[in-house]
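For reference, the structure is listed below as structure tokens.
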Number of protein chains: 2
Amino acid sequence: MPQKTHTISELARAFDITTRTIRFYEEKGLLNPQRVGQQRRYTDADRVRLTLIQRGKRIGMSLQESQAIIEMYDPAQGNVEQLERLLDNVNARKQQLHAQMQDLKQMLTELDDVEKRCQQALNIVNKKEDN
Amino acid sequence: MPQKTHTISELARAFDITTRTIRFYEEKGLLNPQRVGQQRRYTDADRVRLTLIQRGKRIGMSLQESQAIIEMYDPAQGNVEQLERLLDNVNARKQQLHAQMQDLKQMLTELDDVEKRCQQALNIVNKKEDN
DNA sequence: CAAAAGCTTGACGTTAACGTCAACGTAAGC
DNA sequence: GCTTACGTTGACGTTAACGTCAAGCTTTTG
């Protein structure tokens, strides 16, 4: 069956972003929807990209970085050399994400410490109230 | 012993940032070093804060968010109400970081998929060469 | 003690990631 | 068929996070 397509405002509603944002992403090369006359029509492939972009943003990636990852998803089916370069890029990204994971864990354990100290302070106050 | 202090350029070298950046962080309320005359003097507490800021940046936090976390570290030792608010904030942050961890994992598994597909494509090419 | 090196406060410039009009074409409901 | 809603392309505005001078003070070094 022919892919169901969406207008720009449908997509905007679905992803809770503005149409301006969607056009901006296209301007930056992250999307390029089909056209029906002047108007843009978005397929599910575009939705996948938007999902990637939003996840990227949540973990602190720039649009350029998200674009790099998107391009890894749509490999232009190149020759061996290109495949190997792609593989290198993928592994570099993976390493970076693992490092980021470590930073996240560290931040979490430090917040755990703050929580504990906070709890203790509250316990002391409560014990005083018991007297 | 009295804490050893550092000048702004010493700190800049140590953290591989510019002095402008350090002053900017102060302007935004993330640091406030002591002064000796006009000049700033930084203690280890400031280094801790800078470490936090940099880790924050690596996981995609804004300076405002890092500031919020810094303030959790230096609790103004308030009353019960303040302690409870702090605890709420800490837990909210923790939740957000856990969510971010999920996003990271997802991104990683998707990159794993790309890697596998890439490997397969290379294997096929190599087998052809065997013939 | 003079020049160089370092510190200080402005002030303006820059990039990313959109927001916010404006002015105009097109499609859709009554 | 006309209004109303939606879409399009500019162009300029905005915020965060610094970079980049400039102009002046101070401290260190030969």
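You'll find that the side chain of A:Lys57 is closest to C:dA17, out of D:dG7, D:dC18, C:dA17. Here the nucleotide nearest the side chain of A:Tyr25, chosen from D:dT8, D:dC6, C:dC18, is C:dC18. Taking the side chain of A:Ser62 as heavy atoms from C-beta on, and the options D:dC6, C:dA17, D:dA16, the nearest nucleotide is C:dA17. Taking the side chain of A:Arg20 as heavy atoms from C-beta on, and the options D:dA16, C:dA17, D:dC12, the nearest nucleotide is D:dC12. Counting only heavy atoms from C-beta on, A:Ile8 has its side chain closest to D:dT8 among C:dA16, C:dT8, D:dT8. Here C:dG19 is the nucleotide among C:dT9, D:dG7, C:dG19 with the atom lying nearest to any side-chain atom of A:Thr21.
When rounded to the nearest whole Å, the span between CD of B:Glu27 and C1' of D:dA17 equals 11 Å. At whole-Å resolution of the value, CD in B:Glu26 and C1' in C:dC7 are 13 Å apart. Between the CD atom of B:Glu10 and the C1' atom of C:dC7 there is a distance of 12 Å, rounded to whole Å. The interatomic distance linking B:Gln38 (CD) with D:dC25 (P) rounds to 11 Å, in whole Å. When the P atom of D:dG19 is taken as reference, atom CD1 of B:Ile17 falls 9 Å away, rounded to whole Å. Going from atom CZ of A:Phe24 over to atom P of C:dT20 covers 15 Å, rounded to whole Å. Atom CD1 of B:Ile53 is separated from atom C1' of D:dC18 by 13 Å (rounded to the nearest Å). Atom-to-atom, CZ of B:Phe15 to C1' of D:dA17 comes out at 18 Å; the value is rounded to the nearest Å.
Nearest heavy atom pair, residue B:Leu30 against residue B:Arg49, reads O-NH1, 3.1 Å. Across every non-hydrogen atom of A:Glu65 and A:Met61, the tightest pair is OE1-CA, 3.2 Å.
Side-chain atoms of A:Arg23 and base atoms of D:dT8 include no donor and acceptor less than 3.5 Å apart. Contact annotation: side chain of A:Arg40 to base of D:dT8, donor-acceptor pair absent below 3.5 Å.
The 5' end of DNA chain C is approached more closely, in terms of each residue's nearest nucleotide, by A:Thr18 than by the other of A:Gln39 and A:Thr18.
Between A:Ser9 and D:dG7 there is a side-chain N or O to OP1 or OP2 distance below 4.0 Å.
With a 6.0 Å radius and a threshold of 12 heavy atoms from other residues, nucleotides or ligands, A:Asp16 has its CG atom at or below the threshold.
Donor-acceptor pairing under 3.5 Å is recorded for the side chains of A:Gln96 and A:Arg93.
Tracing side-chain contacts under 4.5 Å through hydrophobic residues (I, L, V, M, F, W, Y), one never reaches B:Val125 starting from A:Leu86; they form parts of separate clusters.
Within 4.0 Å of A:Arg41, counting heavy atoms only, lies no atom of the nucleic acid at all.
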